[in-house]
Amino acid sequence: MIAFSRPLLVAAGLALLPVTAFAADPATATLTLTADGVVSAAPDTAIVSLGVVQEADTADKALTANNAAMQKTLAALKEAGVADKDIATSSFTIDPVMVYPPQKDDGTQDPPKITGYRVSNAVTVKLRDIAKAGGLLDKVIRVGANDVRGISFTVNDQDSLMDEARVDAMKTLETRAELYAKTGGFTLKRVLAVSEGGQPTPPMPMMMAKMAPQSDAVPFMAGEQDIRATVNMTWEIEPAAK
């Protein structure tokens with residue numbers, strides 16, 4: 001086990017102090033290792049992007065239809081217990097629906113024509129009970145939501161899991177450093193630097209699809225996520241006593 005002096009324990013705990021604060025003399029022999037600590041956890045929160053898309057021959061009609069469907073969608077979310085703070089508008093657009101005439105025999109082409117308007121309104125919803133997410137999605141789709149843009153999963157309390165991963169990485173580094181020292185014929189004198197790098201948040205599984213209003217209840221599996229912490233450590237080393 002690596003022996004830390006009291007000042008170095010404080011430095012390792014901060015981890016974000018500049019490496020130059022512990023820089024060794026250029027002639028000092030050092031050992032630098034990097035290790036990942038990984039903690040697996042089942043996601044407890046789903047993030048859903050969904051909305052309503054409506055088309056009509058005028059912008060006013062498309063907007064009216066979209067508003068009606070979106071109000072039903074929001075009402076269904078709130079009836080299911082989703083709090084206002086967990087629903088946020090992510091996009092709202094009104095676009096003309098264009099028709100492009102085919103090219104004529106002489107190579108010319110008539111200008112495109114506007115045949116109607118498309119209104120899209122989307123929200124991002126945080127679902128804190130994954131077990132109820134499938135039934136909730138089915139409900140909002142049936143009342144008007146016809147554009148599901150994505151579902152992702154995350155762990156709400158990642159800070160404590162990251163700390164567990166950091167501890168795991170540090171233990172791996174200590175074991176690995178002792179192995180190198182024993183095999184290489186040197187001893188570990190003191191820790192010169194500790195830093196953290198890498199991506200703290202892992203990629204989240206994603207399901208994307210447009211779903212028909214009369215589809216069956218939505219099944220999905222959240223799986224597990226790996227919370228990863230990467231720690232770098234540098235020791236001063238010296239030849240082992242003979």
According to side chain to side chain donor-acceptor pair (under 3.5 Å), who are the partners of [X], at least two apart in sequence or on a separate chain?
X: Thr187; answer: none
X: Ser91; answer: Arg149
X: Asp86; answer: Arg128
X: Thr64; answer: none

Check whether any side-chain heavy atom of [X] lies under 4.5 Å from a side-chain heavy atom of [Y], and answer yes or no.
X: Ile47; Y: Thr124; result: yes
X: Val125; Y: Leu77; result: yes
X: Glu79; Y: Lys139; result: yes

Trace of the side chain to side chain contact (heavy atoms under 4.5 Å, CB included) decision for Asn232 with Val194
CA-CA 6 Å; Asn232 314 290; Val194 179; over 6 Å; no

List in chain and number order the residues that pass side chain to side chain contact (heavy atoms under 4.5 Å, CB included) with [X], two or more places apart in sequence or in another chain; answer none if no residue qualifies.
X: Ala181; result: Phe186, Leu188
X: Ile114; result: Pro96, Met98, Tyr117
X: Thr32; result: Thr234

Which pairs with one or both residues in residues 107-119 pass salt bridge (Lys or Arg N to Asp or Glu O under 4.0 Å), sequence neighbours excluded?
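For residues 107-119: Glu55-Arg118, Lys104-Asp110.
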
Does any pair with a residue in residues 40-54 pass salt bridge (Lys or Arg N to Asp or Glu O under 4.0 Å), and if so which ones, sequence neighbours excluded?
none

For the residue pair Asn156 / Thr45, report whether a side-chain donor-acceptor contact shorter than 3.5 Å exists.
no

For [X], which residues count as a salt bridge (Lys or Arg N to Asp or Glu O under 4.0 Å) partner, sequence neighbours excluded?
X: Lys61; answer: Asp57
X: Asp60; answer: none
X: Asp157; answer: none

Test Val39 against every option in Glu164, Gln158, Met162 by the side-chain contact (heavy atoms from CB on, under 4.5 Å) rule and name the one that passes.
Glu164

Nearest 0.5 Å, please: how far is CD in Glu174 from CH2 in Trp235?
7.5 Å

Distance from Arg190 atom CZ to Leu192 atom CG, nearest 0.5 Å?
5.0 Å

Would you check, one step at a time, whether the test side chain to side chain contact (heavy atoms under 4.5 Å, CB included) holds for Ile141 with Val148?
CA-CA 9 Å; Ile141 289 167; Val148 178; 4.1 Å; yes

Within a 6.0 Å radius of atom CG on Asp105, are there more than 12 heavy atoms belonging to other residues, nucleotides or ligands?
no

